[in-house]
Amino acid sequence: MADFEQENNIFIYDRKKLEATGITDVIAISDTCVEMALEEGNLAVDGSDLKIESFSSGTRKISISGFVSAVSYYGKPAARSGFFRRKRD
């Protein structure tokens, strides 16, 4: 595995196909929901007739077909530090 933080990008094509990057694992799958793990939290895709067309843990890419009705993130992302981070007293 590469020693860098993986980006998470999502591409939806006419609500019929979804491609995503940064996926570390598939947590659960049914024809109405696909739940995936990211480096920082989880991602859920809701819809109907959902099917995983391809998934590679090496490239961290997934392709899902079916009708996509919603995409949501859940779970706690890791704390980050950076220039724009708010200072707490």
Test salt bridge (Lys or Arg N to Asp or Glu O under 4.0 Å) applied to E7 and R60, step by step: CA-CA 10 Å; E7 286 185 349; R60 296 186 173 190; over 6 Å; no
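Counting only residues at least two apart or on different chains, the salt bridge (Lys or Arg N to Asp or Glu O under 4.0 Å) pairs with a member in residues 17-28 are K17-E19.
Rounding to the nearest 0.5 Å gives a distance of 3.5 Å between OH of Y74 and CD of E35. How far CD1 of I29 is from CZ of F55: 11.0 Å, rounded to the nearest 0.5 Å. Considering CG of N9 and NZ of K61, their distance stands at 10.0 Å, rounded to 0.5 Å. Atoms NZ and CZ, on K16 and F67 in that order, are 10.0 Å from each other to the nearest 0.5 Å. Atom OG of residue S63 and atom CZ of residue F11 lie 12.0 Å apart, to the nearest 0.5 angstrom. In this structure, OG in S57 is found 12.0 Å from CD1 in I23, a value given to the nearest 0.5 Å.
Using a 4.5 Å heavy-atom cutoff, the side chains of T24 and E39 are in contact. Between V71 and I10, the closest side-chain pair of non-hydrogen atoms falls below 4.5 Å. Residues Y73 and N8 are in side-chain contact: their nearest non-hydrogen atoms beyond the backbone lie under 4.5 Å apart.
Taking every heavy atom of both residues into account, E53 and S65 meet most closely at OE2-OG, 2.6 Å. When all heavy atoms of N42 and A37 are compared, the pair lying nearest together is OD1-CA, 3.5 Å.
Grouping the Ile, Leu, Val, Met, Phe, Trp and Tyr side chains by contacts below 4.5 angstrom, directly or via other members, places I12 with L38. Cluster annotation: L43 and I52 are assigned to the same hydrophobic cluster (Ile/Leu/Val/Met/Phe/Trp/Tyr, side-chain heavy-atom contacts under 4.5 Å, transitive).
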